[in-house]
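Side chains are part of it too, since the values below use all heavy atoms of this structure and drop only hydrogens, waters and symmetry mates. Note that the coordinates shown come from a computational prediction; the quantities given were computed from them, not determined experimentally.
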Protein chains: 2
Amino acid sequence: MTSTPDDAAVSAWLALARAYRLAFATFEARLKAENLPPMAWYDALWELEKAGEAGLRPFELEQAMLFEQYNLSRLVERLARVGLVERCACPEDRRGQVLSITAEGKATRARMWRVYGEALAETIGGRLDDGELRLLADLLRKLG
Amino acid sequence: MTSTPDDAAVSAWLALARAYRLAFATFEARLKAENLPPMAWYDALWELEKAGEAGLRPFELEQAMLFEQYNLSRLVERLARVGLVERCACPEDRRGQVLSITAEGKATRARMWRVYGEALAETIGGRLDDGELRLLADLLRKLG
DNA sequence: TTGATGTCGATGCAATTGCATTTATATTGC
DNA sequence: GCAATATAAATGCAATTGCATCGACATCAA
């Protein structure tokens, strides 16, 4: 039985939390410094861009982003309000809607990526070599 | 030049973010289910408990927790309000104060640890063996 | 000294998040 | 068919967070 974690698990978790928070805070700060929207906007825009023409239902986006339903609802509202995302009535389920990214949304995502990607390269790519990065990703995926 | 990150860095970051958010959300949910305070309270209490009699200055706690100054100020206020932490005037710097954990604070932290630790053992310890955990921690520390 | 600048911590206000509930539509069991 | 239950998304309200700034003291330079 795994009732109390051993030191190795605790150390790994603490290192995980610290690495994540540090990197995330860096990315957010760089975006803000360039007057760009926060990371959550990027994630939503990217999921929608990947989804293409078909778009995504809010609940699908919610799962992809690990977002709470009410938070997603409001995030989408903000994105729609400034024209980065479009909401259409869903033909198959009249409770729902279909979200898709607009041209302006794609442009904003691309602008964000220049900043986010550069910070990512520095903060993550610059500190581990390719083999280490792959190993890290594999280990982390076992936690999912 | 690291201007655009390569795939390995992006995959590692995405896996890192997903693993962190999943684990963190699990821990928070378990604590709430037991009517216990959130993770941030745990972190603060633990840092103060480790610091012992001498206590910590708010700005030290801020650095240890990677918290914003104003958020820490308010967190400490809440902790003090319910008697888990004590604030004393700092003898060496009259702008500042010294924080220390109370007996009740220690008891609360211990109660939280039973829940948090168990979830940690399940979510982290249960999915990787000891060697993998050590390797993961080492890789993550290179990102710090 | 003393005036300029820096650091510690708090706080007013706006934006965001969490929680509980609501509205609207789908689905399921009888 | 229809009542009971489930799911999609929104929302009122309280709590928290982010931002800018403040007040108090410390430090430094002349």
Using modelled atom types only, decide if a donor and an acceptor are shared between the side chain of B/S100 and the backbone of B/E53 within a distance under 3.5 Å. no
Nearest-0.5 Å distance that lies between atom NZ in B/K50 and atom CD1 in B/I101: 12.0 Å
List the atom pairs, donor and acceptor, that lie under 3.5 Å between side-chain atoms in residues 124-143 of chain B and the rest of the protein, sequence neighbours left out.
| from | atom 1 | to | atom 2 | distance (Å) |
| --- | --- | --- | --- | --- |
| B/R127 | NE | B/T123 | O | 3.2 |
| B/D129 | OD1 | B/G131 | N | 3.0 |
| B/D129 | OD1 | B/E132 | N | 2.9 |
| B/D130 | OD2 | B/R134 | NH2 | 2.3 |
| B/E132 | OE1 | B/D129 | N | 2.9 |
| B/E132 | OE2 | A/K142 | NZ | 2.6 |
| B/D138 | OD1 | B/R141 | NH2 | 3.4 |
| B/K142 | NZ | A/E132 | OE2 | 2.6 |

Quick check on contacts: within residues 48-87 of chain B, what sits under 4.0 Å from DNA chain D by heavy-atom distance? B/Y70, B/N71, B/R74, B/R78
Expected output: side-chain A/E86 to main-chain A/L99 donor-acceptor under 3.5 Å: no
What verdict does the side-chain contact (heavy atoms from CB on, under 4.5 Å) test give for A/R57 and A/C90, after you've listed the backbone C-alpha separation in whole Å, the side-chain angles of each residue and the deciding distance to 0.1 Å? CA-CA 8 Å; A/R57 299 286 301 273; A/C90 177; 3.5 Å; yes
Nearest heavy atom decides the nucleotide; on that basis, is B/R95 or A/Q97 closer to the 5' end of DNA chain D? A/Q97
Check each residue of residues 36-45 of chain A for a non-hydrogen atom within less than 4.0 Å of any atom in DNA chain D, then write out the ones that pass by number, or none. none
Round to a whole Å and report the spacing from CZ of B/F24 to P of C/dT17. 14 Å
Using atom CG of B/L31 as one end and atom C1' of C/dC19 as the other, report the distance to the nearest whole Å. 17 Å
Electrostatic pair B/E77-B/R81, nearest N-O below 4.0 angstrom: yes
Using 30° and 60° as the class limits, which term best fits the ring planes of B/F27 and A/W13: parallel, tilted or perpendicular? perpendicular
Over how many whole Å does the gap from A/D93 atom CG to D/dA6 atom P extend? 17 Å
Residues in side-chain hydrogen bond (donor to acceptor under 3.5 Å, both in side chains) contact with B/E49, at least two apart in sequence or another chain: B/R109
Not counting sequence neighbours, which residues clear ring pair (Phe, Tyr, Trp, His ring centres under 6.0 Å) with A/F67? List them please. none
At how many degrees, to 10°, do the end axes of the helix from C/dT1-D/dA30 to C/dC30-D/dG1 meet when each uses five pairs? 30°
When you compare the side chains of B/Y116 and B/W46, does any donor N or O come within less than 3.5 Å of an acceptor on the partner? no
